[in-house]
Asks: 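I have a structure I would like to understand better, so I am pasting it below and will then ask my questions one at a time.
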Amino acid sequence: MNDRFLRACRREPVDRTPVWFMRQAGRYMAEYQAIRKKHSILEVCKTPELAAEVTLQPIERFPLDAAIIFADILLPLDAMGLQLEFIESKGPVFHKPVRVENDIQQLIPVDGESFAYAGEAIRLARQALADRVPLIGFAGAPFTLASYAIEGGSSRDYMRTKDMMFARPDLWHTLLTKLSNAVIEYLNVQIRAGAQAIQLFDSWVGCLSPDDYEEYVLPHTQRIFSALESKGIPKIYFGTGTATLLPLMRKAGCDVMGLDWRVRLDEAWATIGYDLAVQGNLDPLILAAPLPEIKRRVQRILAQANGRAGHIFNLGHGILPHIPVESVDATIEYVHQLSVREVGA
Ligand code: CP3
């Protein structure tokens with residue numbers, strides 16, 4: 001198997017820097033759009049054969065070093081009864097958002113059974129991958145999930161979320177405990193089914209101050225990482241806008257820290273500590289720039305990683321729908337070309 005990705009997660013030397021992209025299966029690929037013409041996003045997520053097929057699409061098309069299972073962080077909220085719908089041009093909407101104490105009491109408790117389809121999708125994807133590259137499982141982190149549950153969809157200022165956090169910390173912690181329980185079940189289903197690494201997406205946690213992260217979020221992320229039946233598989237923790245939160249986020253107990261483009265990779269790594277691996281951190285919009293500019297930016301990130309064991313190349317956030325596939329190809333080639341080294345040298 002091409003195990004560059006797993007080796008880098010463990011901070012072992014690799015022959016080239018491994019690379020994969022968040023949202024690497026998505027609308028920028030014609031193959032993905034063809035499937036989406038026939039099936040809604042929820043259908044794809046909940047039909048193991050379709051989820052596995054879409055997971056493999058970028059692997060068949062590009063020389064990526066890891067696959068990520070096709071799913072969505074919002075699925076556990078749907079299972080808990082919030083009634084998720086993806087509305088074209090609007091994004092995700094929850095028809096039953098969490099606003100008051102009673103809403104939290106009414107959340108449906110979930111167990112492994114609730115996520116049987118996710119386990120089956122992982123098994124099918126592992127089979128189809130046939131050990132070409134490792135498969136990453138994932139879930140949303142409780143803060144980011146709470147923001148969707150409370151706001152009822154995407155948000156800019158997280159007003160209702162912070163209202164509950166600051167005015168009713170008792171409700172906040174009850175909600176985050178329930179969300180964390182669901183995340184633990186969801187991730188353990190994926191691990192048991194054969195996920196070879198997991199990533200926790202805390203996409204919007206960067207809207208918090210360090211003190212609030214520590215008080216209202218960290219105890220929950222810590223509990224999640226320590227409750228995983230991970231048997232040594234790498235655990236990645238990712239967020240955006242996290243420059244000032246990184247020293248606290250590392251206390252959550254991950255092996256790899258995801259970085260967005262707002263930080264310099266070398267400075268962030270020094271802050272976090274070299275006993276953790278790092279993943280990142282090209283601005284996703286650089287992929288829309290001319291190829292020589294992409295190459296210059298790839299080179300810069302690799303120079304900041306400085307050949308140190310434990311760097312996984314990725315974007316600082318998900319790939320966007322208008323990115324040309326040729327640029328994705330070129331980026332992967334630049335990463336591999338510019339990072340060639342002798343293992344053990
Ligand atoms: O990385 C991968 O290839 C795996 C697939 C994946 C999806 N969602 C599929 C998807 C992953 C890892 C996610 C995670 C996810 N989902 C996050 C965390 C990462 C991030 O981007 O911050 C978040 C916040 C969500 C919630 C979500 N799902 C939103 C806000 C949207 C709509 C946005 C849009 O672009 O329309 C989704 C839908 C979604 N999930 C799409 C994909 C490929 C696009 C929808 C489509 O196919 O029409």
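These numbers come from a predicted model, not from an experiment. Counting starts at 1 for both ligands and their atoms, following the listed order.
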Asks: Tell me, please, which residues at least two apart from E43 pass side-chain contact (heavy atoms from CB on, under 4.5 Å).
Replies: H39, S40

Asks: Regarding R308 and the six-membered ring of Y274, is the cationic atom NZ or CZ under 6.0 Å from the ring centre and inside 45° of its axis?
Replies: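 Ring-cation test returns yes.
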
Asks: Would you please name every residue forming a side-chain contact (heavy atoms from CB on, under 4.5 Å) with K295, sequence neighbours left out?
Replies: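 Scan of K295 (side-chain contact (heavy atoms from CB on, under 4.5 Å), adjacent residues dropped) gives Y334, Q337, L338.
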
Asks: Using a strict cut-off of under 4.0 Å between a residue heavy atom and any atom of ligand 1, list the qualifying protein residues by chain and number.
Replies: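 The 4.0 Å shell around ligand 1 contains M22, R23, Q24, A25, R27, Y32, R36, I41, I68, I69, F70, A71, D72, I73, L74, F86, P92, F138, Y148, F201, S203, H317.
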
Asks: Which of parallel (below 30°), tilted (30 to 60°) and perpendicular (above 60°) describes H311 and W269?
Replies: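 It falls in the tilted class, 30° to 60°.
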
Asks: Under the ring pair (Phe, Tyr, Trp, His ring centres under 6.0 Å) rule, collect the residues that match up with F115, sequence neighbours excluded.
Replies: Y186

Asks: Do the side chains of Y148 and V100 join up, straight or via other hydrophobic residues, at under 4.5 Å, putting them in one cluster?
Replies: no

